[in-house]
Amino acid sequence: MKKLSVVAFFLAAFGAFQLAFAEESTEESTEKSTEENNPLELSIAVATAWYPESTHTTKSGTNFVGICGAFDSAKLAFTGAALYTLPFLQADNLLMENNHLTLGANLQVTPVTFKPSIELAFSPLAVLELKAGFIGGTGWYFSPVGAQGAGEYDIKKHCYETISPFQQWYLDAYGCAKFMFDVGAVWEGDWHHIVMTASYTAGYQKMTGTSEVWQWQANSYPMANGWIYEQDYFLGYQMPIALSLIGLDVTLSGHYKSSDFDVSGIADSYDGDFMQISLSPVAQIELNESGKDTLFILANISSRRSFSEKWIDWDTEPLLTKNGREFFFNCIGLQWKHIL
């Protein structure tokens with residue numbers, strides 16, 4: 001099934017990337033806010049990605065599959081964000097001198113979805129950040145490109161039926177703990193900033209009005225109501241030049257319980273708690289000296305289920321027998337961000 005999907009993909013493709021930079025950007029924002037006496041930061045962003053078409057294998061175990069077509073889909077998202085940062089429980093020592101409390105609000109709009117979100121973050125130590133957030137959204141069918149923002153699986157028709165926009169909602173509540181370290185904090189120098197982060201996020205996701213499996217933001221793979229997790233690990237190097245950061249991000253994510261997918265006649269062997277693995281080389285480029293315009297670049301390699309039967313399309317995938325894991329080249333993504 002080959003179609004153009006013009007959708008929001010920012011959290012899926014760039015979410016882990018952004019988490020990796022959160023500590024550095026928050027510290028910089030805090031310092032700039034203190035200097036300018038303005039704790040509020042407003043920004044806009046445009047993100048896009050190109051997805052090539054990849055093959056599927058029936059081999060068991062772990063395999064790598066190649067690209068069989070130059071184009072499978074493209075995605076696009078527009079985001080407006082507000083970030084309010086305040087000093088909180090600061091002390092006169094290295095670990096607590098930049099402690100802060102941050103409240104963020106985002107609104108993401110695409111041709112097929114509308115998704116607001118809020119997040120509260122607290123940094124009690126220089127090496128630790130705690131977060132809690134809530135995401136809501138709704139979607140619709142965009143006929144010009146055949147893209148479905150949100151859909152509910154119909155086991156009889158073996159396809160996803162479009163849900164009622166602004167009547168059924170995607171909901172996601174989560175909490176996150178993130179540890180981070182910058183070598184430059186103990187070894188001073190502009191070229192000594194080797195940054196490392198590790199985070200664990202747990203949350204509950206749901207599509208209201210259904211107990212079936214569903215799709216969200218035109219992602220092809222099925223999703224289900226239930227508790228989910230994400231582990232994220234980042235290693236990067238910051239530089240005092242236009243190419244300000246390069247690094248590698250690794251994300252592990254999935255459902256805690258396989259039984260979340262025990263609905264609608266989905267195959268028992270579908271393996272609902274399958275762990276998705278994502279590897280992303282990333283880069284950040286400062287487009288001007290003021291730091292108000294930034295370009296993020298990402299290439300993503302992901303894993304997915306492989307099946308004993310021949311894979312035909314995403315609509316029939318939930319009925320297949322999972323027999324292994326296959327890695328494939330997922331996408332190349334770009335994001336431009338401008339601070340107002």
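The shown structure was predicted, so the numbers you read here are calculated from the model rather than taken from an experiment. The analysis underlying the following values was restricted to heavy atoms, covering all of them including side chains, and did not include hydrogens, waters or symmetry mates.
- Note that the CG atom of L320 and the CD1 atom of I312 stand 7.5 Å from one another [nearest 0.5 Å].
- The CG atom of L40 sits 10.0 Å away from atom CG of L340, with the distance rounded to the nearest 0.5 Å.
- The aromatic rings of H338 and W336 sit parallel, their planes meeting at an angle under 30°, below the 60° perpendicular limit.
- When atom types are taken as modelled, the side chain of S258 and the backbone of G272 share a donor-acceptor pair closer than 3.5 angstrom.
- Qualifying side-chain contact (heavy atoms from CB on, under 4.5 Å) partners for A150, counting only residues two or more places apart in sequence or in other chains: I163, M207, W216.
- Qualifying side-chain contact (heavy atoms from CB on, under 4.5 Å) partners for S303, counting only residues two or more places apart in sequence or in other chains: F274, I277, R325, F327.
- Residues that satisfy the ring pair (Phe, Tyr, Trp, His ring centres under 6.0 Å) test with Y256, not counting sequence neighbours, are Y229.
- R305 is linked by a salt bridge (Lys or Arg N to Asp or Glu O under 4.0 Å) to nothing, counting only residues two or more places apart in sequence or in another chain.
- The same ILVMFWY cluster, assembled from side-chain heavy atoms under 4.5 Å apart, contains both I155 and F261.
- Under the 3.5 Å distance criterion, the side-chain polar atoms of W50 are matched with a main-chain donor or acceptor of A70.
- Using a distance-only test at 3.5 Å, with no hydrogens or angles considered, no donor-acceptor pair links the side chain of T321 to the main chain of Y270.
- Judged by distance alone, with hydrogens and angles left aside, the side-chain atoms of D313 form a donor-acceptor pair with the main-chain N or O of T316 at under 3.5 Å.
- For the side-chain contact (heavy atoms from CB on, under 4.5 Å) test, residues two or more places apart in sequence or in another chain that qualify with S302 are S278, N300, F328, N330.
- For CH2 of W191, the number of neighbouring non-hydrogen atoms (other residues, nucleotides, ligands) closer than 6.0 Å is greater than 12.
- Remark: side-chain polar atoms of N93 are not paired, donor with acceptor, to backbone N or O of E97 under 3.5 angstrom.
- Separating the CD atom in Q284 from the CZ atom in F296 is a distance of 4.5 Å, to the nearest 0.5 Å.
- Note that OG1 of T138 and CD of Q167 are 8.5 Å apart. Values are rounded to the nearest 0.5 Å.
- Side-chain atoms of S123 come within 3.5 Å of backbone N or O of L125 as a donor-acceptor pair.
- At least one cation-pi condition fails for K131 and Y174: the charged atom is not both under 6.0 angstrom from the six-membered ring centre and inside a 45 degree cone around its axis.
- A distance of 8.5 Å separates OG1 of T197 from CE of M180, quoted to the nearest 0.5 Å.
- Here the options are D92, N98, N99, the test is side-chain contact (heavy atoms from CB on, under 4.5 Å), and the partner is M96; only N99 passes.
- H192 places a side-chain N or O within donor-acceptor distance of the main-chain N or O of W187, the cut-off being under 3.5 Å.
- A search for side-chain contact (heavy atoms from CB on, under 4.5 Å) contacts involving F88 returns L101, F122, not counting sequence neighbours.
- Proximity of a side-chain donor or acceptor of Q168 to a complementary backbone N or O of T208 within less than 3.5 Å is detected.
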